[in-house]
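A, B, ... follow the sequence lines: proteins, then strands. Residue 1 opens every chain. What you see is a predicted model; the values in this text were computed from it and never measured.
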Amino acid sequence: MSVQDLEKIFQDKIDADIRIEPKDWMPDAYRKTLVRQMSQHAHSEIVGMLPEANWITRAPTLRRKATLIAKVQDEAGHGLYLYSATETLGTGRDELLEQLHTGKAKYSSIFNYPTLTWADMGAIGWLVDGAAIMNQVPLCRASYGPYARAMVRICKEESFHQRQGFEILLTLSRGSEAQRRMCQDAINRWWWPSVMMFGPNDDASPNSAQSMQWKIKRFSNDELRQKFVDVSAEQVKILGMTLPDPDLVWNEDKQHYDFGAIDWDEFWNVIKGNGPCNKERLEARVKAHEDGAWVREAAMAYAEKVSRNSVKKEIA
Amino acid sequence: MSNQWPLWEIFIRSKQGLDHKHAGSLHAADAEMAIENARDVYTRRMEGVSIWVVESKHIHASNPDEAASFYDPANDKVYRHPTFYDLPDELKHM
Ligand SMILES: [Fe+2]
Ligand SMILES: [Fe+2]
């Protein structure tokens, strides 16, 4: 069969909403795009543990601490679901980690911002996980089977992440003057980076059309961003707080909120590695990997020894 | 890098009485570790009552490219289905 025939069969399947599975024929570019998107997503889950882990030992109550540990543990799980789904495309875990550690692969820029106060745990849950959910729900129908299945599992778990975050902010918003200030300050710092999580504007996002045709993207960046702004602009009222955007205003004609211009210079600058925490995050990942090397080696040596001994016993 | 732990496929029985179902994969040094990791990765919310792990290299799969010819023998045997048989409506309990 010619490549054109195979490509036609492949696209017909996608158009009919039939999932592509690991051993099915797929175009190289589809495979490459998926490996990039899925591993970037996996790396984000893993690096995303760092800003929140920063507050585990200083959580204000035992309930908050247990919750935060459970959330961070979930993010580790999300990373693992996605790494294992990526591996079905033929790229090994060691290669994926190498790409992260050498800076060749990216992760979501949002995790290059620091977590300065306890209120940041609330703002991250509400806004960062909220934006992630908006991105991820459509991916549960992505054309690549292992990816879609991993996303279903992830989305089920994400909803508590957002709710616990909002609860933290709600508690602060009903607290003392200092707590209310802390709440507003965290929202102010996390709002714009969260809005940027949806990526460049549609006209500056050249690969989107192809990804839409392959159904590994179902809505455009700007569509999802608009949805996020609309939802958040209402939710913030319950907190009695404001979003740091003087241009945010309900547009009756469009039935959407208008919002201010995004600082894309900042966005690209953080992606290029100049965010407040890029260096720190990457160093923490590399250190964890290197410090754990002896554990991985010892476990492997032990497993090999046990299996050698059991073979010996069988022979004897 | 060559020291990478082998890959294991994880199957989980979500509830007594149901089949084990493929959940995903993970790396582990041996079967015991694979089971413990599977518990932490795939059953954090009581999604399982039993876990099977199989090293991925032991899984053999049919070839999707040959699906058409491979499943062909079952393709023209509608008489294997109960609806193939034309029986009067008065016939009850069958
Ligand atoms: Fe997550
Ligand atoms: Fe999350």
When the 4.5 angstrom heavy-atom criterion is applied to B/Ala23 and chain A, the contacting part is both
Are A/Glu157 and B/Arg45 within salt-bridge range, i.e. N to O under 4.0 Å? yes
Is there a donor-acceptor pair under 3.5 Å between the side chain of A/Tyr81 and the backbone N or O of B/Val41? yes
Side-chain contact test, heavy atoms from C-beta onward, threshold under 4.5 Å: evaluate it for A/Tyr83 versus B/Leu26 and give yes or no. no
Approximate separation, where rounding is to 0.5 Å, of A/Leu80 CG and B/Asn37 CG: 8.5 Å
Check whether B/Ala61 gets within reach of chain A through its side chain, its backbone, both or neither, counting any heavy atom under 4.5 Å. both
Can any side-chain N or O of A/Arg153 pair as donor or acceptor with the backbone N or O of B/Tyr42 at less than 3.5 Å? no
What I'd like to find out is whether the side chain of A/Lys23 reaches to under 4.5 Å of the side chain of B/Asn63, using heavy atoms alone. no
Under 3.5 Å: donor-acceptor pair, side chain of B/Trp5, backbone of A/Arg296: yes
Segment of B/Glu32 engaging chain A (4.5 angstrom heavy-atom cut-off): neither
d(A/Met300 CE, B/Gln4 CD) to nearest 0.5 Å is 10.5 Å
Going from CG on B/Leu7 to OG on A/Ser84, what distance comes out if it is rounded to the nearest 0.5 angstrom? 7.5 Å
Atom CZ of A/Arg93 and atom OG of B/Ser25: how far apart are they, to the nearest 0.5 Å? 7.5 Å
Atom CG of B/Leu87 with >12 non-hydrogen neighbours under 6.0 angstrom: yes
